[in-house]
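First up is the structure itself, then whatever we jot down about it.
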Amino acid sequence: MNIDGIPTRTVRAHPAQNCIDIIDQTRLPHALAWVRVASLDQAAHAIRAMQVRGAPLIGATAAYGLAIALDFEASDARLDAAIALLGATRPTAVNLHWALTRMARHLRPLPPAARHAAAWQEAAAIADEDVAQNAAIGRHGLAAWGELIAVRNGQPLRIMTHCNAGWLATVDWGTALSPVYAAHAAGVPVEVLVSETRPRNQGLLTAWELAQHGVPHTLLADNAAGLLLRNRQVDAVIVGADRIAANGDVANKVGTYLKALACADNGIPFYVAAPRSTLDFACASGDAIPIEERDGDEFRLVHGLDHHAQPSALRQLPASETVANPAFDVTPARLVTALITERGVCPASAAGLRTLYPEAAGEK
Ligand code: MRU
C-alpha cells in the first residue's frame, strides 16, 4: 500500500542491527511516527500497548521479537522465556500463538548457535507470506463482490467496515480492506463507511490509511451503523478477525456482532476476511475463545490533540467509575455470509473450512 505515494510495509526489519522499525499506531492519525524495537521487552511492550495491533501484524511482530531476543543467547531456556513473554501480551488474536508456535517448531531442532539467523529468516518468511496471503484475500474478495458491483451499475460500491483490518493491521494490504484496495486498483468505484470503533477508535486508523491510498470513505459513529444498514445505504459489510473457531464462529473487535445482527435483519451480506494464521482449528467454537479485557482507562480517557496540536488526554469519567472494556466479541457463524481467506471463499462452518483446508482436519 502507498504512503505518500510510496509502497510501504508496516514493519521494517534490520537483521544486521538486530532490530525492527514499526509504526507507533498510538500516534495515528495525528502523526506517522516510526519507532525502533531493539529488545524483547520493547517488542512485548509494542504489542501490549498497541503500538502495533491487528492480528496478523501482532503475529509478525512477535516473530521478529523472538528473533531479536535470541541475539546473545539462544538456549532452550531463552527460547521458552521469550515465547512465554510474547505469548502473554494479548490473548485473543490467535495469530500471535500461531507465529510463536511456528517459530518454535522451526528453531527448536536447530543447535543454539544457528537459531538467531534462522529466527530472522523465519520471521521474514512469516511477514512475506502475510503480504502474499492478504493480496490473495483481496483478489478473492473482489471476485465475491462481482454481483454487488454489477447491481451498482457504475455507482460506488458501499462497503462498511469496523475497526481497522487494513494495511496497518497486517504487514501489507490488510484483510478486510484488501478487497477494497483490489477494487480501487481495478477501477471499481468504492466508498468505505468506517465505523469509529470506540473506545480505541481504530476506525480513525482505517480512515487515515484509506486517505493515504486515495480511497473515498466516510467515518461514522458506531451507533449510526444500524440506521445506515436499515436504510440500505450499505451494499456489504466486511470485517477482519482475531480468531476463527473450527465451526466458523468469529472473534473480532467488540461491536462486530452488532453489525452482523443488523446485516442479518436487513439482508445485507456480512463477510469476514482472514488469513490461515487466524484460523484456530483446535478451538471448537466461539465459546472457547478468550476475550481480552483491557484497562478501563481506555474508556475513561479520550485521546486527541490539544489546542497546541500536542497529544493529550481528556478525562471523561473519574477513575472511580466502574467500566467494562472487553476488546472483542464473538459473531456466531450463522450470521456470517462467507469467510474470505487466501485460498478462496467458503461458508462459515466446519464443512466450509474443510473445503479450503482439508489438511487441517483434527489439528490441535
Ligand atoms: O485490538 P486490535 O486493534 O488489535 O483489534 C484488531 C481487530 O479486531 C481487527 O479487526 C483484527 O485483528 C483483524 S486485523 C486484519
Side-chain angles (χ1 to χ4, degrees), residues 1 10-11 22-26 28-29 46-62 89-99 127 130-131 133-138 141 160-181 192 194-206 208-209 222 237-244 250-260 270-280 286 289-295 298-299 303 325-331 336 339-342:
M1 218 207 77
T10 54
V11 55
I22 57 161
I23 296 168
D24 181 352
Q25 298 192 26
T26 65
L28 285 169
I47 297 170
R48 206 181 296 116
M50 294 175 66
Q51 287 180 308
V52 289
R53 42 147 299 284
L57 185 58
I58 290 171
T61 306
T89 48
R90 297 197 69 188
T92 304
V94 76
N95 309 58
L96 173 66
H97 306 286
W98 173 89
D130 185 57
V131 177
Q133 292 186 346
N134 295 336
I137 286 172
M160 181 181 281
T161 191
H162 187 61
C163 191
N164 172 267
W167 173 74
L168 282 165
T170 63
V171 180
D172 205 349
W173 296 119
T175 56
L177 290 192
S178 189
V180 168
Y181 291 126
V192 186
V194 183
S195 175
E196 181 190 20
T197 317
R198 284 279 289 145
R200 288 289 298 221
N201 294 343
Q202 286 93 334
L204 276 54
L205 304 177
T206 295
W208 179 85
E209 66 163 87
D222 296 320
V237 172
I238 187 166
V239 298
D242 290 84
R243 193 183 297 229
I244 299 177
V250 172
N252 190 49
K253 180 54 54 191
V254 68
T256 300
Y257 176 42
L258 289 176
K259 286 190 173 60
F270 179 88
Y271 293 101
V272 177
R276 170 67 184 88
S277 51
T278 304
L279 305 177
D280 187 355
I289 298 176
I291 299 295
E292 179 180 14
E293 180 75 27
R294 290 190 62 88
D295 193 311
E298 291 187 346
F299 188 66
H303 294 269
N325 190 19
F328 302 96
D329 62 23
V330 174
T331 299
V336 177
L339 301 174
I340 305 170
T341 83
E342 76 284 353

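Position 1 is the first residue of the sequence, and the numbers go up from there. What you see below is based on every heavy atom in this structure, not just the backbone, and it leaves out hydrogens, waters and symmetry mates. Counting starts at 1 for both ligands and their atoms, in listed order.
- No heavy atom of L57 sits closer than 4.0 Å to any atom of ligand 1.
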(request) Apply the test side-chain contact (heavy atoms from CB on, under 4.5 Å) to residues R200 and V254: give CA-CA distance (whole Å), side-chain angles for both, the deciding distance (0.1 Å), then the verdict. (result) CA-CA 10 Å; R200 288 289 298 221; V254 68; over 6 Å; no

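- Heavy-atom distances between G174 and ligand 1 stay at or above 4.0 Å for every pair.
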(request) For side-chain hydrogen bond (donor to acceptor under 3.5 Å, both in side chains), just list the numbers for N134 and S178, CA-CA rounded to whole Å, side-chain angles, deciding distance to a tenth of an Å, and then say yes or no. (result) CA-CA 6 Å; N134 295 336; S178 189; over 6 Å; no

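- Summary of contacts: the protein heavy atom closest to atom 8 (O) of ligand 1 is D242 OD1, 2.7 Å.
- Here's the thing with A55: one of its N/O atoms is less than 3.5 angstrom from an N/O atom of ligand 1.
- At under 3.5 Å, not a single nitrogen or oxygen of A169, backbone or side chain, sits near a nitrogen or oxygen of ligand 1.
- The residue R200 has no part lying near ligand 1, judged by heavy-atom distances below 4.0 Å.
- Looking only at atom types and distance, the side chain of T206 has a donor-acceptor partner in the side chain of N164 under 3.5 Å away.
- The shortest N or O to N or O distance between R90 and ligand 1 is under 3.5 Å.
- The protein non-hydrogen atom at the shortest distance from atom 5 (O) of ligand 1 is K253 CE, 3.3 Å.
- Taking 4.5 Å as the limit, every side-chain heavy atom of M50 sits out of range of all side-chain heavy atoms of Q25.
- Neither the backbone nor the side chain of V239 comes within 4.0 Å of ligand 1, counting heavy atoms alone.
- In this structure, the side chains of W208 and V194 stay at 4.5 Å or more apart for every pair of heavy atoms.
- Atoms of ligand 1 lying under 4.0 Å from at least one heavy atom of T175, given by number and element, are 15 (C).
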(request) Apply the test side-chain contact (heavy atoms from CB on, under 4.5 Å) to residues L28 and L168: give CA-CA distance (whole Å), side-chain angles for both, the deciding distance (0.1 Å), then the verdict. (result) CA-CA 10 Å; L28 285 169; L168 282 165; 3.8 Å; yes

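- The two residues I58 and I47 have their closest heavy-atom pair at CG2-CG2, 3.7 Å.
- Looking only at heavy atoms of the protein, atom 3 (O) of ligand 1 is closest to R53 NE, 2.5 Å.
- Salt bridge status for R243 with D280: present, with a side-chain N to carboxylate O gap under 4.0 Å.
- Considering all non-hydrogen atoms of both residues, N95 and S277 come closest at ND2-OG, 3.0 Å.
- Contacts between Q202 and ligand 1, counted as non-hydrogen atom pairs separated by less than 4.0 Å, involve the side chain only.
- Ionic pairing of E342 and R276 is not present here: no N-O contact between side-chain nitrogen and carboxylate oxygen is shorter than 4.0 angstrom.
- K253 and H162 are not linked by any side-chain donor-acceptor pair at a separation below 3.5 angstrom, with hydrogens and angles left out of the test.
- The closest approach between a heavy atom of H162 and any atom of ligand 1 is not below 4.0 Å.
- For the pair A241 and ligand 1, a heavy-atom separation below 4.0 Å is found.
- Residue P56 touches ligand 1 through its side chain alone, judged by heavy-atom distances below 4.0 Å.
- In terms of protein heavy-atom proximity, atom 9 (C) of ligand 1 is closest to N252 OD1, 3.4 Å.
- Distances below 4.0 Å separate heavy atoms of M50 from the following atoms of ligand 1: 1 (O), 2 (P), 3 (O).
- Within the 4.0 Å heavy-atom criterion, both parts of A165, backbone and side chain, lie near ligand 1.
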